[in-house]
Amino acid sequence: MIKPVWLDGDKVIFVDQLRLPVEESLVECRDYQSVATAIKTMVVRGAPAIGISAAYGLYLASKEAAELSKDHDDFRRFMDEAADHLAKSRPTAVNLFWAIKRMLAKYEEVASQDFATIVSVLQKEALDIAAEDEKMNYSIGEFGHDLILPGSGVLTHCNAGALATGGYGTALGVIRAAYEKNKDIHVFVDETRPFLQGARLTAWELKQDNIPFTLITDNMAGYFMKQGRIQAVVVGADRIAANGDVANKIGTYSVAILAKEHGIPFYVAAPVSTLDLSIASGDEIVIEERDAAEVTSWAGIPTAPEGTQAAHPAFDVTPNRYITAIVTDRGVIHPPYQTGLQRIVKEDA
Ligand code: MRU
């Protein structure tokens, strides 16, 4: 199974998602600062994968703290700085903050023990976060494949696959599970301007697994819906508010409206680590603004006249009323989301 990030002794290794699909190359990070840079520059991306990467980053930080600290106060200062630095890498995906919080809570449990113990406990916690995420995606697939009828055309936006998670994927987890159940599905992959996660990454993953797909540009989605070629939409999420509003890759909102207009179910697939019940609605979600150069050029080649002013919000929020169901690792939640989401977070994992 494809994995975007793993630990190799003292190094965090990333599949370089900036170079896919042209080149399958790796990036090695030996300190938390370079892990933060890998997240910021999108060598690694996708909400759960960002969380896992930050957890590995904090493990690297603890190793460095153990080497450089005179005492436990020093160690704590080092960990706080590292957590702060990693938290500033990207603002929208809540999994980043969830993972940092979980690592710091584990650190608190053992903070007064000897340095070697702290480091090994944090290493195990980071590995657990990665392994649990992969497991959750298989559960999402198990719960979600029932929603996909045999013979369906299924549209997905961005990449919510193995590359965006601990493995298998959330939206692509549902799609993979439906395919594995021989449902004879055909995937429509939105290319996902401007970063092309659909064209570069989702298409690459589906090709590896021999799952039939057609790549379309984002502006073709309505056409194929009207043609009756799409029976379901499944997307991932970067943050889900208490009322079920969903932040996901820019363009998701438009797809949701199109799906509603055509009477097509619109599903969101995400693990509980993507829920942020501390915010009442999607209005409170910070939307990352990325460099406009990512809109006016591709791979260094200009796609607009020099000096063109462009905007680049990297995510949008889909209001809960457009969402047919949210598929989590703990089951499928139907509206009203407020109560359903509260109920599953209270359940023991
Ligand atoms: O900017 P990205 O590539 O990190 O955005 C990724 C998405 O929007 C995904 O759909 C989301 O993180 C879910 S990944 C399982």
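These figures come from a predicted structure and were not determined experimentally. Just so you know, residue 1 is the first one in the sequence shown, and it goes up from there. Whatever order the structure lists them in is the order used to number ligands and atoms, beginning at 1.
Between Arg30 and Asp10 there is no salt bridge, since no side-chain nitrogen of the basic residue lies less than 4.0 Å from a carboxylate oxygen of the acidic one. In this structure, Glu284 does not pair ionically with Arg239, as no charged nitrogen and carboxylate oxygen lie closer than 4.0 Å. One finds a salt bridge joining Arg102 and Glu132 here, because a Lys/Arg side-chain nitrogen approaches an Asp/Glu carboxylate oxygen to under 4.0 Å. At a threshold of 4.0 Å, the pair Glu191-Arg200 does not count as salt-bridged, since none of the basic side-chain nitrogens sits closer than that to a carboxylate oxygen. The pair Arg90-Glu288 meets the salt-bridge criterion, with a side-chain N (NZ, NE, NH1 or NH2) lying under 4.0 Å from an Asp/Glu carboxylate O.
Under 3.5 Å, the side chains of Ser281 and Asn243 contain no donor-acceptor pair of N or O atoms. Asp190 and Thr192 are not linked by any side-chain donor-acceptor pair at a separation below 3.5 angstrom, with hydrogens and angles left out of the test.
Between Ala47 and ligand 1, a contact under 3.5 Å exists for at least one N or O pair. For Cys158, no nitrogen or oxygen atom sits less than 3.5 Å from a nitrogen or oxygen atom of ligand 1, counting backbone and side chain alike.
The 12-atom threshold is exceeded at CZ of Arg290, counting heavy atoms of other residues, nucleotides or ligands nearer than 6.0 Å.
Looking only at protein heavy atoms, the nearest one to atom 5 (O) of ligand 1 is Lys249 CE, 3.2 Å. Looking only at protein heavy atoms, the nearest one to atom 9 (C) of ligand 1 is Asn248 OD1, 3.4 Å.
Remark: distances from the non-hydrogen atoms of Arg90 to ligand 1 include one below 4.0 Å. Residue Phe315 places a heavy atom less than 4.0 Å from ligand 1. Judged by the shortest distance from any of its heavy atoms, Ala93 lies outside the 4.0 Å radius around the atoms of ligand 1. Ligand 1 has at least one atom lying under 4.0 Å from a heavy atom of Ala237.
Of all atoms in ligand 1, listed by their number and element, those nearer than 4.0 Å to a heavy atom of Asp238 are 7 (C), 8 (O), 9 (C), 11 (C), 12 (O). The contact set between ligand 1 and Thr170, taken as ligand atoms under 4.0 Å from a residue heavy atom, comprises 15 (C). The distance from ligand 1 to the heavy atoms of Thr165 drops below 4.0 Å at these ligand atoms: 15 (C). Of all atoms in ligand 1, numbered sequentially from 1 with element shown, those under 4.0 Å from a heavy atom of Ala160 are 14 (S), 15 (C). The atoms of ligand 1 that sit less than 4.0 Å from any heavy atom of Ala164 are 14 (S), 15 (C).
For the salt bridge (Lys or Arg N to Asp or Glu O under 4.0 Å) with Arg77, the lone residue among Asp73, Asp80, Asp74 that qualifies is Asp74.
The heavy atom nearest to atom 6 (C) of ligand 1, considering only Gln17, Gln197, His157, Arg45, is found in Arg45.
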